[in-house]
Chemist: 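Let me give you the structure first, and then I'll get to my questions.
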Amino acid sequence: MSIWEYANPKKFMALSGRVLPWVAGLAALTLAAGLVWGFFLTPDDYKQGSTVKIIYIHVPAASAAINAWAVMLIASLVWIVRRHHVSALVAKAAAPVGLTFTLIALVTGAFWGQPMWGTWWAWDPRLTNFLIFALFYLGYIALWEAVENPDTAADLTGVLCIVGSVFALLSRYAVLFWNQGLHQGASLSMDAQENVSDVYWIPLVICIAGFELLFLALVLVRARTEIRTRRAQALMARERLA
Amino acid sequence: MEMRVSDLAVQRGGIVVLEGLSFTLPPGRALVLRGPNGVGKTTLLRTLAGLQPAVAGEVSIPAESLAYASHADGLKATLTVAENLAFWAAVYGTGLVEDALAGMNLRELRNRWAASLSAGQKRRLGLARLLVSGRPIWVLDEPTVSLDAASVALFAAVVRAHLAAGGSALLATHIDLGLDEAEVLDLTPFRATSRAARQDAGFQEAFL
Amino acid sequence: MEMRVSDLAVQRGGIVVLEGLSFTLPPGRALVLRGPNGVGKTTLLRTLAGLQPAVAGEVSIPAESLAYASHADGLKATLTVAENLAFWAAVYGTGLVEDALAGMNLRELRNRWAASLSAGQKRRLGLARLLVSGRPIWVLDEPTVSLDAASVALFAAVVRAHLAAGGSALLATHIDLGLDEAEVLDLTPFRATSRAARQDAGFQEAFL
Amino acid sequence: MTALLIRDLRLAVRAGGGFGLGLAFFLLVAVLVPLGVGPEGGTLGKIAPGILWVGALLSCLLSLDRIFALDFEDGSLDLLATSPLPMEGAVAVKALAHWLVTGLPLTLAAPVLGVLLYLPASGYGWLVVSLLIGTPALSVIGAFGAALTVGVKRGGLLLSLLVLPLYVPTLIFGAEVVKRGAAGMEIATPLALLAAITAGAAALLPFASAAAIRVNLR
Amino acid sequence: MTALLIRDLRLAVRAGGGFGLGLAFFLLVAVLVPLGVGPEGGTLGKIAPGILWVGALLSCLLSLDRIFALDFEDGSLDLLATSPLPMEGAVAVKALAHWLVTGLPLTLAAPVLGVLLYLPASGYGWLVVSLLIGTPALSVIGAFGAALTVGVKRGGLLLSLLVLPLYVPTLIFGAEVVKRGAAGMEIATPLALLAAITAGAAALLPFASAAAIRVNLR
Amino acid sequence: MMPDLGKYAFAVLGSYGVTALLLAGLLVLTLVQRARAKRLLAEAEARMEKADG
Ligand code: HEM
Ligand SMILES: Nc1ncnc2c1ncn2[C@@H]1O[C@H](COP(=O)(O)OP(=O)(O)OP(=O)(O)O)[C@@H](O)[C@H]1O
Ligand SMILES: Nc1ncnc2c1ncn2[C@@H]1O[C@H](COP(=O)(O)OP(=O)(O)OP(=O)(O)O)[C@@H](O)[C@H]1O
Ligand SMILES: [Mg+2]
Ligand SMILES: [Mg+2]
């Protein structure tokens with residue numbers, strides 16, 4: 001059986017209904033484990049003090065937000081090439097989740113920057129890119145909301161997502177060119193993977209997994225909601241004609 | 001130059017509204033579409049004009065032969081009557097502006113801004129676009145809205161001349177056009193009802 | 001509740017288009033305005049509705065008694081049919097939404113966005129606004145544009161009921177409304193021609 | 001009147017209605033200026049009060065043409081003018097609705113954007129206060145401009161041109177309040193002047209706007 | 001094609017067509033910013049390249065919705081889509097017309113406004129060059145945004161939201177050219193990148209825009 | 001039990017708090033939308049049953 005079978009709303013509903021409780025449960029478990037471990041059971045960093053605990057939210061949220069964009073891009077491409085309705089709806093469902101994670105990364109970053117860099121915000125390339133990222137998400141969601149016909153909306157947002165991705169890469173480069181930034185170097189005793197001692201690394205990995213699972217669970221629920229709404233609309237429309 | 005439609009189904013807002021529609025429109029003939037409000041005349045004409053995809057069935061229309069006129073006239077308020085027509089003449093690559101002005105009795109208004117025309121005068125200008133297009137197959141959505149009796153007669157004469165020259169016309173309307181030679185097709189029987197036809201229709205049907 | 005017009009002259013774009021127009025419209029009567037495109041029907045109705053000043057003559061209409069419906073329907077595409085009507089009901093301080101929905105056969109469409117209505121359905125909703133206004137004098141500009149035969153008949157019945165209840169109606173139209181009891185007033189003879197009348201007319205004439 | 005207010009608010013929050021988009025534009029100005037100007041905190045902090053006020057003003061401006069133009073195009077303005085609502089009241093209500101969907105959210109969001117521009121900490125309170133007092137004037141003045149240009153097809157930019165000069169006093173006093181507040185100076189005078197402008201505009205301009213609309217409908 | 005270009009240009013210069021208003025808006029931004037920020041030459045001179053580029057960008061943005069919305073509303077877009085013109089060509093021509101009535105006048109006027117903002121003398125040449133090379137990209141990207149939002153009633157602000165993030169690279173490189181030029185530094189890299197963006201956008205985006213329009217007309 | 005966060009308590013608790021708020025908001029929104037969709041669909045299906053049967 002090809003994976004395209006699941007592009008059929010009925011099959012998708014059946015399958016997602018079966019996996020959803022497991023995904024949601026696993027997400028809750030890993031998140032709880034990772035956060036409790038990170039928050040209560042790790043020592044303070046010698047330089048950053050207790051602020052290092054923010055990493056257990058900041059980094060997973062940031063990477064999940066980036067992955068959400070990737071999911072939307074792939075789903076949009078699938079919709080445009082193969083016109084499977086479920087993939088368009090998955091893209092739609094992922095956007096608000098991605099936006100929330102982006103906001104979380106931004107806010108936790110700001111809370112972290114305050115003690116570390118002495119400022120809530122810096123026009124650092126990474127940060128700037130994330131801000132532009134959040135704007136992309138906002139525009140994308142607004143476009144979905146503004147167009148009434150769902151097929152039209154799916155097509156338009158699909159095109160936007162693809163063009164937007166190209167420009168996101170461009171912006172990344174442009175912003176790097178514009179400012180060399182302090183995100184990495186400034187005060188981090190542990191930016192690159194090999195510098196992170198295991199004490200922090202293991203709970204961090206658990207948290208990253210937790211956020212990804214949470215993303216998956218939320219997207220599944222939201223996609224199921226979208227499918228239900230569309231089905232209800234279809235039924236009501238048919239009723240009207242009958 | 002024949003338009004052939006077989007077993008066509010069209011959708012609006014994701015719902016199939018008409019299905020099982022077949023007809024041919026040979027050169028020299030006119031076909032009048034009738035049917036109550038909301039039956040799907042506009043939807044059908046837009047589909048034939050290529051603005052939206054058909055749900056099922058086949059439409060065969062020779063390439064570059066169709067001219068479409070919608071509910072709206074597409075006039076630019078700040079261009080004069082003659083400038084409006086000249087633009088479309090250039091787009092279609094014809095030089096028929098003068099003939100069209102004469103044909104729709106617009107000569108006297110040629111230097112007026114389109115903004116200052118009355119409802120019926122605007123409509124006449126919208127119809128003059130067809131003459132300028134030089135296309136043989138006319139697809140018209142309620143062409144005589146707002147026209148007075150004299151202008152309706154003028155329009156009927158223009159359509160007759162078009163048919164005599166080997167053109168054809170498909171017109172949706174609620175009122176009498178005075179085109180007695182035209183066949184009439186009532187769309188009411190083609191209202192989509194059957195479950196089967198709806199099954200794999202528009203985007204909503206994937207969810208039924 | 002009588003509308004009285006005497007020796008009225010109206011202008012559009014600074015040019016007097018109609019002059020010397022007099023009529024009365026007593027309660028219970030309907031008056032149909034006819035005349036070729038561009039004669040000035042729309043201009044006259046806008047003047048009566050108080051949207052533009054008269055050039056000469058007198059118009060006497062009891063205060064707060066007139067409801068006007070123009071070529072455009074004033075519908076909000078993102079409100080539902082019921083919400084559109086409810087707004088006007090609130091503005092006019094009446095609570096007649098349900099009656100109006102029933103009257104113009106819109107009950108089934110009540111929760112549809114106005115954007116998704118067909119041309120004729122939109123027009124029906126525009127006309128329902130009149131019912132909701134509770135006003136006795138209706139002034140209507142081509143009310144039956146885009147309506148199918150059944151809806152035209154429905155509209156005629158609505159107007160008849162309005163007249164029977166002591167209201168009155170002034171309608172500009174090119175097509176037959178099936179209101180045989182209505183008087184007809186052809187505006188062609190009132191076309192402004194005399195220099196004198198134009199003399200002190202709109203802003204342009206000051207320079208003649 | 002309340003019906004009109006509710007309708008306008010409802011239209012604003014419905015699909016394509018533009019609620020939140022003024023806010024988005026404000027955000028975009030706050031993001032673009034550092035991208036153009038460069039990331040140094042010193043410069044940005046110094047220009048922050050001015051840029052934030054200019055941004056608020058531009059966001060207001062952009063949504064102004066919605067106040068009457070949509071109603072004009074679909075014919076509702078004709079119908080409103082022949083309805084029992086007095087035009088002055090309708091204008092005032094529409095300006096209020098505009099403020100509720102544009103000025104108010106903007107005011108609430110401003111402190112967050114202040115962070116992006118390195119606004120000095122002492123300035124945040126005054127930023128909010130000055131916007132709260134000043135933005136109603138922007139809506140009322142804007143409604144006047146919108147009324148003047150309502151007949152003009154897509155008069156958006158003409159509108160900007162007419163309205164921006166009228167916005168100048170509000171801008172100057174508003175930005176001054178924030179600048180002085182941020183620098184810890186006395187702010188009573190510009191604040192009083194700002195309040196006076198708002199009060200005066202709200203009391204008088206609806207009459208002028210109503211007259212302009214009546215003329216445009218003729 | 002030429003007919004379409006001539007028509008669009010003619011419409012732009014006719015009453016209410018918006019020619020010159022983009023320019024006027026640019027001027028207003030250049031005037032308002034000193035009013036909001038304060039008159040010190042040092043600060044202004046430093047932020048001038050950024051502000052001028054942001055101003056140019058906002059002026060472009062404001063006239064974007066005219067590109068297709070008017071044609072959509074009066075039905076001409078339907079008629080154009082059924083005409084023998086290929087939609088890709090029509091989109092490209094309309095973007096070109098937009099540039100001719102907005103980007104080009106803006107470029108020519110920019111040096112004058114530079115004076116208002118105390119732009120250092122060495123920057124004027126690069127300001128003009130960067131705008132000349134960069135503004136076509138603004139028109140083409142803007143046409144894409146306009147195509148996406150053409151079905152949306154008064155999508156002006158949604159359009160801004162969609163388009164501004166896409167403008168970021170152009171803005172950064174454009175302002176960088178002027179800043180470096182004014183400081184006498186090397187400008188080859190940002191200028192080359194700016195040109196590359198314009199060329200790439202002009203070559204590829206009309207196809208995406210045409211697709212979006214066809215979808216919106218369905 | 002509670003670890004001593006020292007002078008950074010505000011930053012750490014603030015980020016955890018805001019994250020909790022944002023996630024809770026998204027979760028509530030998601031669940032509300034889900035409930036509404038379920039209700040709408042159930043109603044529509046009930047009506048269909050009646051119409052068909
Ligand atoms: C609003 C401010 C901030 C934003 C938007 C932000 C954004 C990001 C992003 C996008 C990532 C990359 C995640 C990934 O690639 O998987 C990241 C990683 C990280 N951030 Fe931040 N950040 C901010 C502030 C801070 C601050 C103030 C610190 C600490 C002083 C910090 C420490 C880290 C660390 C340690 C990583 C992991 C490094 C790595 O894996 O390369 N961030 N942040
Ligand atoms: N977005 C939508 N969702 C559901 N139904 C819709 C939508 N848009 C239109 N419809 C319906 O589709 C049907 C077909 O509309 P269409 O405009 O083709 O009718 P028409 O025959 O041209 O009517 P008229 O004579 O009134 O112009 C109508 O019943 C209309 O209500
Ligand atoms: N700005 C203007 N300058 C000059 N003449 C104008 C202007 N605007 C309108 N007119 C003319 O005024 C006349 C009256 O127009 P009006 O719209 O009242 O006609 P009408 O009787 O309603 O026509 P229709 O039946 O076509 O709707 C028309 O001949 C029109 O061309
Ligand atoms: Mg129709
Ligand atoms: Mg008329």
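Proteins come first, then strands; the chains are lettered A, B, ... in the order of their sequence lines, and each starts at number 1. Hydrogens, waters and symmetry mates are skipped; everything else that's a heavy atom, side chains included, is used.
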Chemist: Taking C:Val145, C:Leu147, C:Thr144 one by one, which has the highest count of heavy-atom pairs under 4.5 Å against chain B?
Modeler: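 Top option by heavy-atom pairs under 4.5 Å: C:Leu147.
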Chemist: Tell me the residues of residues 102-119 of chain B whose non-hydrogen atoms fall below 4.5 Å from those of chain C, in number order.
Modeler: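 Result: B:Ala115, B:Leu117, B:Ser118, B:Ala119.
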Chemist: Go through the atoms of B:Thr42 and report whether side chain, backbone, both or neither lie under 4.5 Å from a heavy atom of chain C.
Modeler: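 Contact with chain C is absent: no heavy atom of B:Thr42 under 4.5 Å.
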Chemist: ring-ring contact (aromatic ring centres under 6.0 Å, His included): which pairs involve residues 126-149 of chain B, sequence neighbours left out?
Modeler: B:Trp138-B:His162
Chemist: Quick one: which residue pairs count as a ring-ring contact (aromatic ring centres under 6.0 Å, His included) with a foot in residues 167-191 of chain C, not counting sequence neighbours?
Modeler: none
Chemist: Scan for ring-ring contact (aromatic ring centres under 6.0 Å, His included) pairs involving residues 114-135 of chain C, sequence neighbours excluded, and state none if there are none.
Modeler: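 Listed by first then second residue: nothing to list.
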Chemist: Atom CZ of residue position C:Arg29 - does it have more than 12 heavy atoms of other residues, nucleotides or ligands inside 6.0 Å?
Modeler: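 For C:Arg29, atom CZ is not crowded (no more than 12 foreign heavy atoms under 6.0 Å).
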Chemist: How many angstroms lie between atom CD1 of B:Ile175 and atom CG of C:Asp148, to the nearest 0.5 angstrom?
Modeler: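 Reported to 0.5 Å precision, the distance equals 12.5 Å.
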Chemist: Can you name the closest pair of heavy atoms from C:Asn37 and B:Ser151 and give their distance?
Modeler: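 C:Asn37 and B:Ser151 have their closest heavy atoms at OD1-OG, 3.5 Å.
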Chemist: So for C:Arg124, is it side chain, backbone, both, or neither that comes closer than 4.5 Å to the heavy atoms of chain B?
Modeler: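 Contact with chain B is through the side chain of C:Arg124 alone.
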Chemist: Checking C:Arg12 against chain B: side chain, backbone, both or neither under 4.5 Å from a heavy atom?
Modeler: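 Side chain of C:Arg12 only, per the 4.5 Å heavy-atom cut-off to chain B.
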Chemist: Please flag which part of C:Ser146 lies under 4.5 Å from any non-hydrogen atom of chain B: side chain, backbone, both or neither.
Modeler: both
